[in-house]
Amino acid sequence: MHKDNFRNILYSDRQPKILVVGDIILDKYIWGVVERISPEAPVQVVHVQRENIALGGATNVAHNLAVIGCDVTMLGVIGNDDDGSTLKSELAAKTIRTDGVFVDTQRPTTTKTRVVAGNQQVVRIDHEVADNISQEIENQISAFLKKYIQNFDLVILSDYRKGVLTDKIITDVLSVAKQHHVKTLVDPKRQDFSIYSGATVIKPNLKEAEAAVRRKLKTQDDSYKAIKEIQQKYNAESVILTRGKEGMMVIENDSIAIIPVTAREVFDVTGAGDTVIAYLGLLIASGYSYVEAAKIANVAAGIAVSRVGTTTVSKEEVYHQLEEMTSGSKKILTLQEISSLLPSLRHNKKIVFTNGCFDILHVGHITLLNKARKLGDKLIVGLNSDASIRRIKGEKRPIVSEAERAHILSAIESVDYVVIFDEDTPLELIKAVKPDILVKGSDYTVEKVIGHDVVEAYGGQVALVDLVNGFSTTNIVESILKNYSTVSSDSSEK
């Protein structure tokens, strides 16, 4: 199973060395609210509340690669301006090497500024020169390629049509890489794919493939014939076609694999292509077959489109999704695993948290868990470890081991995730999860709930739910001991 192979990458210390060649773009966001129309012109007046920046274009591919554990070098061009300096600093902050980032004094750093009000984009302002880079900059990029190409496991060509991937640069990348047996992965933007001849892998979307073969691809058979034609005509080892809601199609050697889409809900396709390219890069550079690489990249894309905006997808999230697909469920997580999943869990969802020992599960526990789950969309249960319970309740507890307790809890439909913690209180876990709602039984007061101050400080709330009277693990244990003792006495008298 590709899930088991991917586990090796998840816990590997090896960082594939990947070079990303393409258009460097800085994305700026201005967030605000609109309360009136300007008296100067019939336009909205945006009252700015906050601003932020993000890596765009080919640098978003590089960022995705860095997040999933690759040693990434960016090769491209910025202007001699403040945006260029900001972009270079941001790349370095994301652990992306900037040795190949060259400065062109004759053009600005490509910058896209989006003004957003009430989650609606009001206007986008572009600063760019999309003409081909100068011959001087071309020569500098080519010299860098020839000097350092043998240091890389894979080269990715990420074209956003902003002038970096000229005919010369594309030709040099593919020829120099082939000379040194370095694989190449192309995200094509040209209608004529002949420029990509000799690439290891070409990854078009449906529209790009249609342009390349000059016909509509309406059926699965149409797509089958198209990628075979592209592979043979342009001497590629593989062609990976992304087909939107139809998933992917991959040709490897002479066989073709159909990979269905995995996304349950699609909120935003922004950046999903970059996620696919990044995972393909990681996996191909790590020795995966093209079909296996595409299967896992497809899972990553399914996670990416379930969120709003450009985003990165961690390896832990992908592995968890693979676990769910192959074994049905993986509810028992470590703190690290739940932390990695939180970005996707938070998307338009309310996270509820409760905790306890849950030593001998009874109707009171079930009632608490069911009521807690109804308060939100995802219920995370913090579970005291065996050592934690012994410190709190004495050496004779717990009755049931932490592994058994966790598996029993995970079998309950209202429980989404179980995280075992070893501290006496769940405070550190609460700080990590940052639930929207912290739940305890009504036998507590808000002030006595561990973590109430933390949750309330960031705008969350504490909810106390009514319990079923007369049920507790301690009472159950005492009842068992009493009854067992009576039975033992009666038996000894006989």
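- A side chain to side chain donor-acceptor pair (under 3.5 Å) check over residues 42-52, counting only residues at least two apart or in different chains, returns the pairs W31-N52.
- Applying the ring-ring contact (aromatic ring centres under 6.0 Å, His included) rule to Y444 yields no partners; only residues at least two apart in sequence or on another chain are considered.
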In a table with atom names and distances, give each donor-acceptor pair under 3.5 Å that connects a side chain of residues 82-93 to protein atoms at least two apart or in another chain.
from, atom 1, to, atom 2, distance (Å)
D83, OD1, K28, NZ, 2.9
D83, OD2, T111, OG1, 3.1
S85, OG, D81, O, 3.4
T86, OG1, D82, O, 3.0
S89, OG, S85, O, 3.0

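- By the side-chain contact (heavy atoms from CB on, under 4.5 Å) test, D131 pairs with V129, sequence neighbours left out.
- Checked against side chain to side chain donor-acceptor pair (under 3.5 Å), N132 has no partners two or more places apart in sequence or in another chain.
- Annotation: side chain to side chain donor-acceptor pair (under 3.5 Å) contacts involving residues 92-107, sequence neighbours excluded, comprise D71-R97.
- Side chains of I169 and V21 form a contact here, defined as non-hydrogen atoms less than 4.5 Å apart.
- Legend: residues meeting side-chain contact (heavy atoms from CB on, under 4.5 Å) with K147, ordered by chain and number and at least two apart, are absent.
- When only modelled atom types and interatomic distance are considered, S142 and D172 share a side-chain donor-acceptor pair under 3.5 Å.
- For N139, the side-chain contact (heavy atoms from CB on, under 4.5 Å) test picks out Q135, K168, with sequence neighbours left out.
- By the side-chain contact (heavy atoms from CB on, under 4.5 Å) test, L375 is found to be paired with V352, I437, V439, A463, V465, residues two or more places apart in sequence or in another chain being considered.
- The shortest side-chain heavy-atom distance between S134 and I137 falls under the 4.5 Å cut-off.
- For the residue pair E317/S314, the side-chain donor-acceptor check at 3.5 Å is satisfied.
- In this structure, P435 and I380 have side chains that are not in contact, with every pair of non-hydrogen atoms separated by 4.5 Å or more.
- With sequence neighbours excluded, no residue forms a side chain to side chain donor-acceptor pair (under 3.5 Å) with N80.
- Salt bridge K183/D153: absent, no basic N to carboxylate O contact under 4.0 Å.
- Listed by chain and residue number, nothing satisfies the side chain to side chain donor-acceptor pair (under 3.5 Å) test with R161 (two or more places apart in sequence, or in another chain).
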Exercise for review: Verify side chain to side chain contact (heavy atoms under 4.5 Å, CB included) between T200 and L154, making sure each step is shown before the conclusion.
Suggested key: CA-CA 10 Å; T200 310; L154 178 86; over 6 Å; no
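- Taking the side chain as every heavy atom from C-beta outward, V201 and L280 never approach each other to under 4.5 Å.
- K431 is linked by a side chain to side chain donor-acceptor pair (under 3.5 Å) to nothing, counting only residues two or more places apart in sequence or in another chain.
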